[in-house]
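Data block below; observations after.
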Amino acid sequence: MIIAVDGPAASGKGTLSRRLAERLGLAYLDTGSLYRATAARVLRAGDDPHDPGAAAGAAASLTERDLDAPELREEAVSNAASVVAAIPEVRSALLEYQRAYAESPPPGKGGAVLDGRDIGTVVLPGADRKIFVTASLEERARRRHRELQARGVPSIEERVLQEMQERDARDRERSVAPLAVAADAFLLDTTELDADAAFEAALAFVLSSTARSPERSTKKR
Ligand code: DC
């Protein structure tokens with residue numbers, strides 16, 4: 001069972017994906033961490049995230065340790081991640097790792113949940129289930145602001161909203177693998193849903209469609 005979960009920042013897709021994986025006995029890969037780790041390596045080396053050579057080199061030499069770097073959630077890294085994510089050479093360097101993970105998840109797992117921006121459209125177009133999680137920009141900015149405050153990071157909500165809008169635009173407008181809803185994805189708007197309600201809706205979708213063959217499953221948008 002391969003589940004592709006896509007959506008913009010702070011839509012709730014990470015929490016949802018982790019919970020789905022836990023409930024269904026699947027492995028979980030947060031593909032955003034690959035782009036964040038690439039960006040962190042570029043910044044640490046003092047290179048420019050817009051430089052395709054530097055960014056692709058960083059992506060190609062990622063190690064497991066890079067994925068656990070403490071600065072991955074910092075705003076500077078978040079912004080640089082959306083810059084390196086627009087570089088085709090970076091995306092192709094990370095593509096095989098993601099596909100291999102889905103094909104051969106860690107031992108004992110019956111499949112995998114991958115979340116990101118292009119999982120259902122580019123990385124795993126043949127995924128068994130696809131979910132596109134979204135929420136209004138204002139709600140997502142509010143969530144990210146609260147999350148930063150809870151971690152003791154000084155934050156101004158208007159600034160979070162503006163940066164999120166800029167990152168959304170970069171993710172949606174880039175020429176390679178832009179953030180987009182797959183034609184056969186279940187669209188889950190979490191603007192008015194808490195994490196439990198979003199999880200129940202996603203789980204119901206995954207379980208209801210297991211009874212049908214993939215070709216005949218109801219395509220929802
Ligand atoms: O989901 P996130 O905020 O951790 O993602 C960080 C950046 O990486 C974001 O700008 C989008 C980009 N990304 C991407 O382009 N493709 C993915 N599959 C995952 C993330």
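All ligand and atom numbering here is 1-based and tracks the order in the structure. These numbers were taken from a predicted model, which means no experiment stands behind them.
Under the 3.5 Å distance criterion, with hydrogens and angles disregarded, a donor-acceptor pair is assigned to the side chains of D66 and T63. Side-chain contact annotation: S78 with R36, donor-acceptor N/O pair under 3.5 Å present.
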Decide yes or no on side-chain hydrogen bond (donor to acceptor under 3.5 Å, both in side chains) for R91 and Y35, but give the supporting numbers first. CA-CA 9 Å; R91 304 202 71 85; Y35 294 91; 3.2 Å; yes
For ligand 1, which of its N or O atoms have a protein N or O partner closer than 3.5 Å, and how long is each gap?
residue	atom	partner	partner atom	Å
ligand 1	1 (O)	K13	NZ	3.4
ligand 1	1 (O)	R117	NH1	2.8
ligand 1	1 (O)	R117	NH2	3.4
ligand 1	3 (O)	R36	NH2	2.9
ligand 1	3 (O)	R117	NH2	3.3
ligand 1	4 (O)	R36	NE	2.6
ligand 1	4 (O)	R36	NH2	3.3
ligand 1	10 (O)	D171	OD1	3.1
ligand 1	10 (O)	D171	OD2	3.4
ligand 1	15 (O)	R91	NH1	2.8
ligand 1	15 (O)	R91	NH2	3.4
ligand 1	15 (O)	R174	NH1	2.9
ligand 1	15 (O)	R174	NH2	2.9
ligand 1	16 (N)	R91	NH2	3.0
ligand 1	18 (N)	T31	OG1	3.0
ligand 1	18 (N)	R117	N	3.2
ligand 1	18 (N)	D118	OD1	2.9

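Both tests pass for R19 against the ring of F199: distance under 6.0 Å to the centre and angle within 45° of the axis.
One distance of note links CD of E163 with CZ of R159; it measures 4.5 Å at 0.5 Å rounding.
A salt bridge does not link R73 to E147: none of the charged side-chain nitrogens sits closer than 4.0 Å to a carboxylate oxygen.
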